[in-house]
Amino acid sequence: MDLLALFDLDNTLLDREAAFSRWAKSFAAEFELPDGSLTLIGQLDEDGSIPREEFFEAVRRAFGITTRIEELVSRYYLEYPECFTVARDTIDALRNLRSQGWKVGVVTNGPPSQMRKLESTALVGEVDAVCISETIGAWKPDPVIFEEAARRCGVGLQGWMVGDSVSADIVGGHGCGLRTVWMSRGRTWDPSELAPDAVAATIPQAVDLILEETGGSE
């Protein structure tokens, strides 16, 4: 049996909320934004779901910033990845999987700058493959990006997908035959959605669930 575990990046392997908060505080200080601006910036961000050009256009309108959107976006992609950190127990969990013969891949939607998050946290050395949607030309839940991740890992597409997005990670994983772990982030699963195989709050918990289900041991 191929031992393949694929992981989403933002708010799965890495805490995007914490990183964005660090970036937003620095941004607000630089532009001398008023008290309460961080709340509005967070609302405009929409958990990273809107294009950055649209995000910065909204930020410029809200605070009267005159810096060109192109400059703001360019600086964001340079500065924001440096705001990420990775939990020690996340690295230990990935190493545990790989020590037991598992191939570990990252499958993430987003621009090529996603790789800088992996590099700045040294996570790039803890996985066997990375697939970024804009680089691959396919976006989760498209099976193509999962297939490419398995190919780069050198195994067949059978195993697990771990992520926080219902549509991209859980529906996408199920759609190509993977079992799934939903990263809950304090949320409750909507029973009207296609259910994941397991729910976890942390990466170590997700890895433990995978190993238990597949007969692995720590």
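The figures that follow rest on heavy atoms only: side chains count, while hydrogens, waters and symmetry mates do not. As the structure is a computational prediction, the values presented were derived from the model and not from experiment.
In this structure, the side chain of Arg187 engages the main chain of Ser184 through a donor-acceptor pair within 3.5 Å. At distances below 3.5 Å, at least one donor-acceptor pair connects side-chain atoms of His174 with backbone N or O atoms of Ala195. Counting only distance, with no hydrogens or angles, the side chain of Thr214 and the backbone of Ile210 share a donor-acceptor pair below 3.5 Å. Judged by distance alone, with hydrogens and angles left aside, the side-chain atoms of Asp47 form no donor-acceptor pair with the main-chain N or O of Ser49 at under 3.5 Å.
The nearest pair of heavy atoms linking Pro141 to Gly172 is CB-CA, 3.4 Å. The nearest pair of heavy atoms linking Leu178 to Gly159 is CD2-N, 3.4 Å. Counting all heavy atoms, side chain and backbone alike, Gly110 lies closest to Ile132 at O-CG2, 3.4 Å. Of all heavy-atom pairs spanning Ala129 and Ala149, the tightest one is CB-O, 4.2 Å. Taking both residues in full, the closest heavy atoms of Asn109 and Ala168 are given as ND2-CB, 4.3 Å, listed atom of the first, atom of the second, then distance. Annotation for Trp189 and Leu194: closest pair CZ2-O, 2.7 Å, computed over non-hydrogen atoms.
Taking Ser167 as the reference, Ser165 meet the side chain to side chain contact (heavy atoms under 4.5 Å, CB included) condition, with sequence neighbours excluded. Judged as a ring-ring contact (aromatic ring centres under 6.0 Å, His included), and not counting sequence neighbours, the contacts of Tyr76 are Trp23, Phe56, Tyr80. Applying the salt bridge (Lys or Arg N to Asp or Glu O under 4.0 Å) test to Asp164 and every residue at least two apart in sequence or in another chain returns Arg185. Checked against side chain to side chain contact (heavy atoms under 4.5 Å, CB included), Ala200 has the following partners two or more places apart in sequence or in another chain: Val181, Met183, Gln205, Ala206, Leu209. In terms of the side chain to side chain contact (heavy atoms under 4.5 Å, CB included) criterion, residue partners of Thr121 (sequence neighbours excluded) are, by chain and number, Leu14, Phe84, Val86, Leu123. Residues satisfying the side-chain hydrogen bond (donor to acceptor under 3.5 Å, both in side chains) test with Asp45, not counting sequence neighbours, are Arg16, Arg52. A search for salt bridge (Lys or Arg N to Asp or Glu O under 4.0 Å) contacts involving Asp92 returns Arg88, not counting sequence neighbours.
Using a 4.5 Å heavy-atom cutoff, the side chains of Cys131 and Val106 are not in contact. Counting heavy atoms from C-beta outward, Val207 and Val162 have side chains that stay 4.5 Å or more apart. Side-chain contact between Glu54 and Leu44 is absent, with no heavy atoms from C-beta onward closer than 4.5 Å. Contact annotation: the side chain of Ile41 approaches that of Leu33 to within less than 4.5 Å [non-hydrogen atoms, C-beta and beyond]. Taking 4.5 Å as the limit, some side-chain heavy atom of Met115 sits within range of a side-chain heavy atom of Val130.
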Practice task
Decide yes or no on side-chain hydrogen bond (donor to acceptor under 3.5 Å, both in side chains) for Ser192 and Asp190, but give the supporting numbers first.
Solution key: CA-CA 5 Å; Ser192 68; Asp190 182 348; 2.8 Å; yes

Handout entry: Stepwise salt bridge (charged side-chain N to carboxylate O under 4.0 Å, His left out) check, Glu147 with Arg151
Key = CA-CA 6 Å; Glu147 292 165 356; Arg151 187 191 71 78; over 6 Å; no

Exercise for the section: Begin with the C-alpha distance, continue with both residues' side-chain angles, and end with the deciding distance and a verdict on side chain to side chain contact (heavy atoms under 4.5 Å, CB included) for Leu13 and Leu94. Expected result: CA-CA 10 Å; Leu13 287 176; Leu94 296 181; 4.2 Å; yes

Tell me which donor-acceptor pairs under 3.5 Å the side chains of residues 3-10 have, and how far apart each pair is, sequence neighbours excluded?
residue, atom, partner, partner atom, Å
Asp8, OD1, Lys140, NZ, 2.9
Asp8, OD2, Thr12, OG1, 3.0
Asp10, OD1, Lys117, NZ, 2.9
Asp10, OD2, Gln114, NE2, 3.2
Asp10, OD2, Lys117, NZ, 3.1

Which donor-acceptor pairs under 3.5 Å do the side chains of residues 66-73 make with protein atoms, sequence neighbours left out?
residue, atom, partner, partner atom, Å
Arg68, NH1, Glu70, OE1, 3.4

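Both Phe20 and Ile65 belong to a single network of hydrophobic side chains, linked directly or stepwise wherever heavy atoms of I, L, V, M, F, W or Y lie under 4.5 Å apart. At a threshold of 4.5 Å between side-chain heavy atoms, the hydrophobic network of Ile, Leu, Val, Met, Phe, Trp and Tyr places Met161 and Val171 in two separate groups. Connection of Phe63 to Ile50 is established within a shared hydrophobic cluster, with ILVMFWY side chains joined at heavy-atom distances below 4.5 Å, either directly or through further cluster members. A single hydrophobic cluster is seen to contain both Val59 and Phe31, as judged by linkage of ILVMFWY side chains at heavy-atom distances under 4.5 Å, directly or through other members. No chain of hydrophobic side-chain contacts below 4.5 Å, direct or via other Ile, Leu, Val, Met, Phe, Trp or Tyr residues, connects Trp182 to Val107.
We find the CD-SG distance between Gln158 and Cys176 to be 11.5 Å, quoted to the nearest 0.5 Å. Put simply, CG on Asp208 and CG on Leu97 are 9.0 Å apart, with the number rounded to the nearest 0.5 Å. For the atom pair Thr180 OG1 and Asp197 CG, the distance stands at 4.5 Å (nearest 0.5 Å). Between atom CG of residue Asp142 and atom CD1 of residue Ile145 there is a gap of 8.0 Å, rounded to the nearest 0.5 Å.
The existence of a salt bridge linking Arg152 and Asp128 is excluded, since no basic side-chain nitrogen approaches an acidic carboxylate oxygen closer than 4.0 Å. A salt bridge is absent between Glu119 and Arg116: the closest approach of a Lys/Arg side-chain nitrogen to an acidic carboxylate oxygen does not fall below 4.0 angstrom.
Within the structure, no pair that satisfies the ring pair (Phe, Tyr, Trp, His ring centres under 6.0 Å) test touches residues 109-149, not counting sequence neighbours. Counting only residues at least two apart or on different chains, no salt bridge (charged side-chain N to carboxylate O under 4.0 Å, His left out) pair has a member in residues 101-112. Sorted by first and then second residue, the side chain to side chain donor-acceptor pair (under 3.5 Å) pairs involving residues 24-43 (not counting sequence neighbours) are Glu30-Arg75.
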